[in-house]
Amino acid sequence: MVFYHHGAAIQPSVTRLGNTFLARVSILEEDGEATSLGNLGQFANRDCAFEFAVRSATAFVDGEPLPRSPFEQPPTK
C-alpha cells in the first residue's frame with residue numbers, strides 16, 4: 001500500500017520474524033530522493049507494526065524525531 005503525506009509517497013511494510021512482526025518503510029520524496037528507514041522494530045501483531053511504520057514515516061517527512069519502538073533488539077554479532 002502506498003499513500004501520500006505532504007507530497008511524499010510512503011510505503012510501509014511488515015514482515016514476519018519468528019513470532020513477531022518487523023516494521024519497515026520506504027519513502028519517495030517529491031524531489032525524487034528515496035529513503036528507507038530500515039528495520040523500525042518488532043511488534044506482537046501485524047497491525048501495530050504497520051501503524052508504527054506509518055507513524056515513523058510521517059514523522060520523518062515532517063522533520064520530527066522518529067518514535068521509539070516498544071523494545072530495542074540487541075545488535076547481532
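Below, all heavy atoms of this structure are taken into account, side chains as well, without hydrogens, waters or symmetry copies.
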Q. For Phe3, does the CZ atom sit with more than 12 other heavy atoms under 6.0 Å from it, leaving out its own atoms?
A.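 Atom CZ in Phe3 is crowded, with more than 12 foreign heavy atoms closer than 6.0 Å.
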Q) Counting heavy atoms not belonging to Asp62, are there more than 12 under 6.0 Å from its CG? A)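 Result for CG/Asp62: enclosed.
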Distance in Å, [X] [atom1] paired with [Y] [atom2], rounded so as to fall on 0.5 Å steps:
| X | Y | atom1 | atom2 | answer |
| --- | --- | --- | --- | --- |
| Arg46 | Leu22 | CZ | CG | 11.0 Å |
| Glu30 | Tyr4 | CD | OH | 10.5 Å |
| Ser56 | Leu37 | OG | CG | 7.0 Å |
| Thr58 | Glu64 | OG1 | CD | 7.5 Å |

Q: Could you tell me whether a side-chain N or O of Asn39 sits under 3.5 Å from a main-chain N or O of Gly41, the two making a donor and an acceptor?
A: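 Looks like no, no N/O pair under 3.5 Å.
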Q) Counting N and O atoms only, with roles assigned by atom type, does the side chain of Arg16 sit under 3.5 Å from a partner on the main chain of Gly18, one being a donor and the other an acceptor? A)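 Indeed, once roles are kept as given, a pair shorter than 3.5 Å links the two residues.
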Is there a side-chain contact between [X] and [Y], using heavy atoms and a 4.5 Å cut-off?
| X | Y | answer |
| --- | --- | --- |
| Thr20 | Phe43 | no |
| Gln42 | Leu17 | yes |
| Arg24 | Thr15 | yes |

Q. Transitively linked via ILVMFWY side-chain contacts under 4.5 Å: Val54 with Ile10?
A.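 They do share one cluster, since a chain of ILVMFWY contacts under 4.5 Å joins Val54 to Ile10.
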